[in-house]
Number of protein chains: 2
Amino acid sequence: MNDQECQHNPEVEEASGTLAEQVYHRLSEAILSGELPPGMKISEPALARQYGISRGPLREALHRLQERKLITRSANQGARIVKPSPEALAELFLVREALEGMAARLCALQASNAEITRLRAAVTRASPGQDRDLNERDDQDFHFAIAQYSRNPMLTDLLCLELYPLLRLYRGLPTFPRPRTTRAALEHERIVAAIEDRDADLAEMMMRRHIAAARLRREAALIQTETG
Amino acid sequence: MNDQECQHNPEVEEASGTLAEQVYHRLSEAILSGELPPGMKISEPALARQYGISRGPLREALHRLQERKLITRSANQGARIVKPSPEALAELFLVREALEGMAARLCALQASNAEITRLRAAVTRASPGQDRDLNERDDQDFHFAIAQYSRNPMLTDLLCLELYPLLRLYRGLPTFPRPRTTRAALEHERIVAAIEDRDADLAEMMMRRHIAAARLRREAALIQTETG
DNA sequence: ACCCGCCAAAGTGTTGACAGTTTTTCCGAG
DNA sequence: CTCGGAAAAACTGTCAACACTTTGGCGGGT
């Protein structure tokens, strides 16, 4: 009935299971990528037409997004895309520091030798010399691997399925700290070295400093903006 | 059409907003309290009849519970109440250690003097002498207050709305560590003392030891059970 | 010109019914 | 008695329609 579906993303559309599941993932991606502008009010009939489905599955997806705090809902007043704020970004970095610090600790304690070898390979491949900078993809892979090798599914899910996706929301924010390429690569190397030594305390401390550095850079930039 | 509604809990039924919201909270409570046995398969028609509503709002509530990981859903196979495992409990305690440690740190850095005074009053009231033991309610209030005074809404929500409720699920587990009354009260006192001194490092360390103590006691009990 | 109440249009919340799938049951063959 | 398979019951996924609420605009009164 709708000839102009898939107008928002001409990708493969064969997906998993139910319509509610599909639209949930597509909406999640649309929000995190900024395709749906923050603060926008969601009209259920309009969105349902756009995706070529009924309101039932759409509402189920919206309730899941609500629980993930990607949208806000109030009774009889509809849903709105969540609006990222500099304050929320600061909070996120502190939570991330705590969780990734623990992940690095567990990694040092429990990762297998094979996993550590893979970590080392990825880090040295990402920065073979002084001149090679760390790109965003390598950085994400590194943190993703640490989270996985912690052997704590609850912690891994929290980081990879909730915190890391949320970070994408804040990329457009003017206060989002740009990665410090060569410096970050060096810190990654030291974290892996601590894990290789099975030094849990050092691994956690290094990871926390690594995360905190981005937060502190951002706070410094904020102050400079205010006074400048 | 249903004369025997509310058969499961004869309480006040006037609640907030939509039916989906009400049934979401009631189901959440039912799962966490163990009223709905872990691992049980959920029949949507049966539950809908039991709560006197249609399947639509019920399904919306179920999708929210799925996102909270209180139930598991697979396409065309229905939903099941999540089953707590000793492994998941161990993971939970590690995540809690990381997050509450950070909360105590932020508390030491950012809590107002009035809030710290309230913390101190609550701790001394909970254990006026050596003989007075720490009950469960006082313990929960203490950790709840720390989470709140951290002035980090994202961290507070994670702890109070996700981790702490989840803990109730594991209370029935034979491996759940029973509180160490007088010892825990002493540790609480030391944490508050560190916060009063605005000693962020010490506050975090004390809180992490406090959480880790419960985890270690549990692991020790497990080993003893295996060998005994 | 401004404010207040009414009316229509749109939107959200809820329901019952229909289609496709899974699970159970039941019956006969081996 | 056990095993396999087909029919039937139950259940999940989906949809369109209905009831109630909110929103926007219009007209009348001040």
Side-chain angles (χ1 to χ4, degrees), chain A residues 1-6 13-28 30-31 36-37 39-82, chain B residues 1-6 13-28 30-31 36-37 39-82:
Chain A
M1 64 176 70
N2 183 354
D3 292 359
Q4 57 185 357
E5 57 193 4
C6 309
E13 289 305 326
E14 67 93 21
S16 61
T18 71
L19 285 183
E21 188 89 3
Q22 297 176 35
V23 73
Y24 167 74
H25 288 297
R26 287 172 64 176
L27 270 178
S28 180
I31 295 175
L36 293 177
M40 186 190 76
K41 186 167 187 300
I42 292 178
S43 164
E44 290 181 5
L47 252 191
R49 272 192 305 274
Q50 187 172 351
Y51 283 95
I53 62 173
S54 171
R55 278 181 55 220
L58 176 64
R59 282 176 63 86
E60 294 173 356
L62 289 180
H63 278 268
R64 290 182 65 179
L65 292 171
Q66 171 187 9
E67 212 59 21
R68 271 243 174 124
K69 301 200 168 68
L70 293 185
I71 66 175
T72 60
R73 282 177 75 80
S74 26
N76 289 320
Q77 278 180 324
R80 306 190 81 90
I81 310 287
V82 74
Chain B
M1 63 179 69
N2 183 354
D3 291 358
Q4 55 184 359
E5 59 194 0
C6 307
E13 289 305 325
E14 64 95 20
S16 62
T18 71
L19 284 182
E21 188 89 5
Q22 297 175 36
V23 72
Y24 167 73
H25 288 297
R26 287 174 62 178
L27 269 179
S28 179
I31 294 176
L36 292 178
M40 185 191 77
K41 185 168 187 305
I42 293 179
S43 164
E44 291 180 3
L47 252 191
R49 272 192 304 274
Q50 188 172 350
Y51 283 95
I53 63 175
S54 172
R55 276 181 55 219
L58 175 65
R59 281 176 63 87
E60 295 173 356
L62 289 180
H63 278 269
R64 291 181 65 179
L65 292 171
Q66 171 186 10
E67 212 59 22
R68 273 246 172 124
K69 301 199 169 66
L70 292 185
I71 67 174
T72 61
R73 282 177 77 80
S74 25
N76 288 319
Q77 280 181 333
R80 305 190 82 89
I81 310 287
V82 75

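Note: hydrogens, waters and symmetry copies are ignored here, and every other heavy atom, side chains too, is used. Proteins get letters first, then strands, A, B, ... in listed order; numbering begins at 1 in each.
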Grab the CD-P distance between E60(A) and dG13(C) for me, whole Å please. 14 Å
Given atom CG of L58(B) and atom P of dG13(D), what is their separation to the nearest angstrom? 11 Å
Rounded distance in Å - CZ (R59(A)) to C1' (dT15(C)): 12 Å
Within the pair S43(B) and dC11(D), is there a side-chain N or O less than 4.0 Å away from OP1 or OP2? yes
Residues in salt bridge (charged side-chain N to carboxylate O under 4.0 Å, His left out) with E67(A), at least two apart? R64(B), R68(B)
Nearest to side-chain heavy atoms of I53(B), which nucleotide of dT14(D), dT15(C), dC15(D): dT15(C)
Near-strand residues of residues 62-77 of chain A, defined as heavy-atom separation under 4.0 angstrom from DNA chain C: R73(A), A75(A), N76(A)
Listed by chain and number, what are the side-chain contact (heavy atoms from CB on, under 4.5 Å) partners of L19(A), not counting sequence neighbours? Q22(A), I53(A), P57(A)
Using every non-hydrogen atom in the two residues, find where A48(B) and L58(B) come nearest and quote the distance to one decimal. N-CD2, 3.7 Å
Nearest-Å distance, OH (Y51(B)) to C1' (dG13(C))? 20 Å
What pairs with A61(A) under side-chain contact (heavy atoms from CB on, under 4.5 Å), at least two apart in sequence or on another chain? V23(A), Y24(A)
Could you tell me the separation between the CZ atom of R55(B) and the P atom of dC18(C), rounded to a whole number of Å? 14 Å
Taking CZ from R80(A) and C1' from dT12(C), how many angstroms apart are they, rounded to a whole number? 15 Å
Can you name the residues that form a side-chain contact (heavy atoms from CB on, under 4.5 Å) with T72(B), not counting sequence neighbours? R80(B)
What residues form a side-chain contact (heavy atoms from CB on, under 4.5 Å) with Q77(B), not counting sequence neighbours? S74(B)
State the NE2-NE2 distance between H63(A) and H63(B), to the nearest 0.5 angstrom. 9.5 Å
Return whichever of P57(B) or K41(B) has its heavy-atom-nearest nucleotide of DNA chain C closer to the 5' end. P57(B)
Whole-Å gap separating P (dT12(C)) and CD1 (I42(A)): 9 Å
Nearest heavy atom decides the nucleotide; on that basis, is G56(A) or E44(B) closer to the 5' end of DNA chain D? E44(B)
Candidates dG13(D), dT12(D), dA16(D) - which lies nearest the side chain of P45(B): dT12(D)
Nearest-angstrom distance from the residue atom CG of L19(A) to C1' of dA19(C): 13 Å
